[in-house]
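Report on the following structure.
The chain is numbered in sequence order, starting from 1.
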Amino acid sequence: MSDGALTVLDGNHLRAIDLSLPEAEVSLTGAQVLDLADSKASSFLFGLSLPQSLKSSALKRISLQDDDVFRLKELDREQALKVITDYITAIADELKDDPLVISVLDGYTLRLFLEDEDDFAMLAENLFTDLDVEDTGKINKNEIRNALVHMGVEMGVPPISEFPPLSDILKKHEADGEEELGQAQFAELLQPVLQELSEALAKKHFVFIQNIKIVNGSKLRKLLADEKQLNIIVEKILEDKHQGKDGSGNAERIRSFLEKNGTELGLPPSEANEAVALLYDAVFADLEEAGEDKFGNLVKQILEKFAEQLEASPVFHDI
């Protein structure tokens with residue numbers, strides 16, 4: 001995977017985990033079992049530290065209360081293996097329903113800048129210009145931190161607060177000083193900092209979750225399989241339809257309802273991007289109007305079309 005490229009975690013990485021327990025362990029506490037499961041899952045997800053919300057949802061899915069009683073409880077090997085298996089399967093199922101989008105920084109982007117003298121010179125010049133807000137031709141040495149913030153993950157630099165080796169590199173080069181630097185001096189300081197950062201990232205990759213949501217039809221499929229919930233949605237749309245006084249047809253009223261409330265059902269926000277607008281147009285194209293007695297069937301048909309389209313072409317949108 002190239003540095004910074006988007007990777008979708010949809011649970012498939014976890015389906016092949018070896019769920020065996022350490023041979024030496026006769027029994028484990030609940031806390032040890034959960035820690036072991038988290039560690040196994042993380043190792044198969046590029047070293048990502050699992051978000052608490054994901055872990056909580058997975059535990060809820062298997063009706064496991066992560067409290068002091070469970071954490072202190074002694075589990076034999078068979079019990080421990082069952083908890084680990086169920087928990088990791090639940091994490092995989094959560095990711096299938098609500099995938100995460102991650103990027104991994106491994107120093108590749110920084111190495112590209114450093115290997116090309118012209119690219120690095122332009123990068124250093126642009127950063128210096130941005131930081132020299134008073135146009136004096138000088139900036140303080142400690143502005144190197146802001147230079148790294150300006151570069152950001154898009155240019156291969158992790159947040160300083162989340163990647164401790166970067167703080168160590170800055171201390172090594174005394175980058176917190178008040179000494180004034182010209183553009184050439186700034187470039188001379190920036191180069192070894194980025195060089196050492198790229199080496200640190202090559203040894204220990206930095207994995208981060210992108211603020212991107214993927215809608216893949218999984219949540220819609222669950223709704224369509226739950227007749228009771230589906231009927232509740234049909235009733236809500238009918239109620240909304242009867243309150244309307246614009247004379248719109250059934251399909252138009254359904255579309256209006258879904259555009260306002262679709263995210264709760266597993267649809268992407270209607271205003272998210274052009275892809276969503278095209279998705280709605282594709283689903284509602286060539287629909288035949290249905291009478292009141294077949295209104296529920298029309299709603300189901302529309303939601304099934306959405307699910308099919310989203311499974312074939314999941315929609316990505318910014319959170």
Side-chain angles (χ1 to χ4, degrees), residues 8-12 14-15 51 53-64 86-87 89-101 211-244 248-273 275-319:
V8 177
L9 303 182
D10 59 4
N12 284 334
L14 299 179
R15 305 292 181 188
S53 57
L54 173 60
K55 294 191 285 187
S56 297
S57 297
L59 289 170
K60 185 177 179 182
R61 191 181 273 257
I62 59 174
S63 302
L64 183 62
D86 291 348
Y87 179 43
T89 299
I91 292 173
D93 290 341
E94 281 293 322
L95 288 171
K96 180 182 177 183
D97 290 347
D98 192 8
L100 293 176
V101 181
N211 287 324
I212 296 174
K213 177 87 170 172
I214 299 178
V215 184
N216 59 8
S218 179
K219 189 174 179 180
L220 261 184
R221 284 295 182 200
K222 281 188 171 180
L223 172 62
L224 287 162
D226 188 333
E227 191 173 342
K228 183 179 177 182
Q229 285 299 315
L230 185 59
N231 287 336
I232 289 173
I233 297 303
V234 171
E235 289 299 320
K236 284 184 179 180
I237 300 175
L238 274 172
E239 183 181 333
D240 192 61
K241 172 179 180 289
H242 290 147
Q243 289 174 355
S248 300
N250 286 338
E252 291 175 76
R253 297 302 301 176
I254 295 170
R255 176 166 183 162
S256 175
F257 179 89
L258 294 178
E259 286 177 341
K260 287 186 290 185
N261 306 286
T263 52
E264 299 168 21
L265 313 181
L267 290 173
S270 58
E271 72 284 357
N273 51 47
V276 180
L278 293 172
L279 171 65
Y280 268 83
D281 289 343
V283 167
F284 282 91
D286 303 323
L287 276 179
E288 293 182 11
E289 282 294 337
E292 202 85 358
D293 57 327
K294 294 184 178 179
F295 188 78
N297 289 337
L298 180 61
V299 172
K300 187 175 182 180
Q301 178 190 345
I302 288 169
L303 293 180
E304 283 176 342
K305 286 184 72 173
F306 269 116
E308 289 169 8
Q309 294 271 358
L310 289 167
E311 282 173 355
S313 302
V315 170
F316 290 57
H317 68 88
D318 293 334
I319 299 175

* Asked: Do Phe295 and Asn250 have side-chain heavy atoms sitting under 4.5 Å apart?
  -> yes

* Heavy-atom check, side chain of Ser56 versus side chain of Leu59, under 4.5 Å -> no

* Test log, rule salt bridge (charged side-chain N to carboxylate O under 4.0 Å, His left out), inputs Asp226 and Arg221 -> CA-CA 9 Å; Asp226 188 333; Arg221 284 295 182 200; over 6 Å; no

* Under 6.0 Å from the NZ atom of Lys300, do we count more than 12 heavy atoms belonging to anything else shown? -> no

* Asked: Which heavy atom in Ile62 sits nearest to a heavy atom in Ala90, and how many Å separate them?
  -> CG2-CB, 3.7 Å

* Check: Leu258 main-chain N/O paired with Tyr280 side-chain donor or acceptor under 3.5 Å -> yes

* Minimum-distance pair of heavy atoms, taken over all atoms of Pro268 and Val315 -> CB-CG1, 4.0 Å

* To do: First locate atom CG of Leu223, then atom CD of Glu264, and finally report the distance between them rounded to the nearest 0.5 Å.
  => 11.5 Å

Quick one: side chains of residues 92-101, donor-acceptor pairs under 3.5 Å with protein atoms, not counting sequence neighbours, listed by atom name and distance.
residue: Asp93; atom: OD1; partner: Arg15; partner atom: NH1; Å: 3.2
residue: Asp93; atom: OD1; partner: Arg15; partner atom: NH2; Å: 3.1
residue: Glu94; atom: OE2; partner: Arg61; partner atom: NE; Å: 2.9
residue: Glu94; atom: OE2; partner: Arg61; partner atom: NH2; Å: 3.0
residue: Asp97; atom: OD1; partner: Ser218; partner atom: OG; Å: 2.4
residue: Asp97; atom: OD2; partner: Arg61; partner atom: NH2; Å: 2.9
residue: Asp97; atom: OD2; partner: Lys222; partner atom: NZ; Å: 2.6
residue: Asp98; atom: OD1; partner: Lys213; partner atom: NZ; Å: 2.7
residue: Asp98; atom: OD2; partner: Lys213; partner atom: NZ; Å: 3.2

* Structure fact -> In terms of heavy-atom contacts, Val215 and Gly266 come closest through CG1-O, 3.0 Å

* What distance do Gln301 atom CD and Leu298 atom CG have between them, rounded to the nearest 0.5 Å? -> 6.0 Å

* Asked: How many angstroms lie between CZ in Phe306 and CG in Leu224, if you round to the nearest 0.5 Å?
  -> 11.5 Å

* Asked: Could you state the interatomic distance from CG (Asp10) to CD1 (Ile214), rounded to the nearest 0.5 Å?
  -> 8.0 Å

* Structure fact -> In short, Leu267 meets Leu220 closest at the heavy-atom pair CD2-CD1, 3.6 Å

* Quick one: pull up OG in Ser270 and CZ in Arg255 and give me the separation to the nearest 0.5 Å. => 9.0 Å

* **Main-chain N/O of Glu252 paired with Ser256 side-chain donor or acceptor, under 3.5 Å** => no

* Under 3.5 Å, side chain of Asn273 to main-chain N/O of Phe316, donor-acceptor pair present? -> yes

* Could you walk me through whether Asn216 and Glu311 pass the side chain to side chain contact (heavy atoms under 4.5 Å, CB included) test, one step at a time? => CA-CA 5 Å; Asn216 59 8; Glu311 282 173 355; over 6 Å; no

* **Rounded distance (nearest 0.5 Å) linking atom CD1 of Ile91 with atom CG of Asp86** => 11.5 Å

* Can you name the nearest heavy-atom pair linking Val283 to Gln309, along with the distance? -> CG2-CG, 4.1 Å

* **Pairwise side-chain contact, Gln229 with Ile233, heavy-atom cut-off 4.5 Å (strictly under)** => no

* **Worked check of side chain to side chain contact (heavy atoms under 4.5 Å, CB included) between Lys305 and Phe284** => CA-CA 9 Å; Lys305 286 184 72 173; Phe284 282 91; over 6 Å; no

* Structure fact -> Heavy-atom nearest pair, Ala272 first then His317, reads CB-CB, 3.8 Å

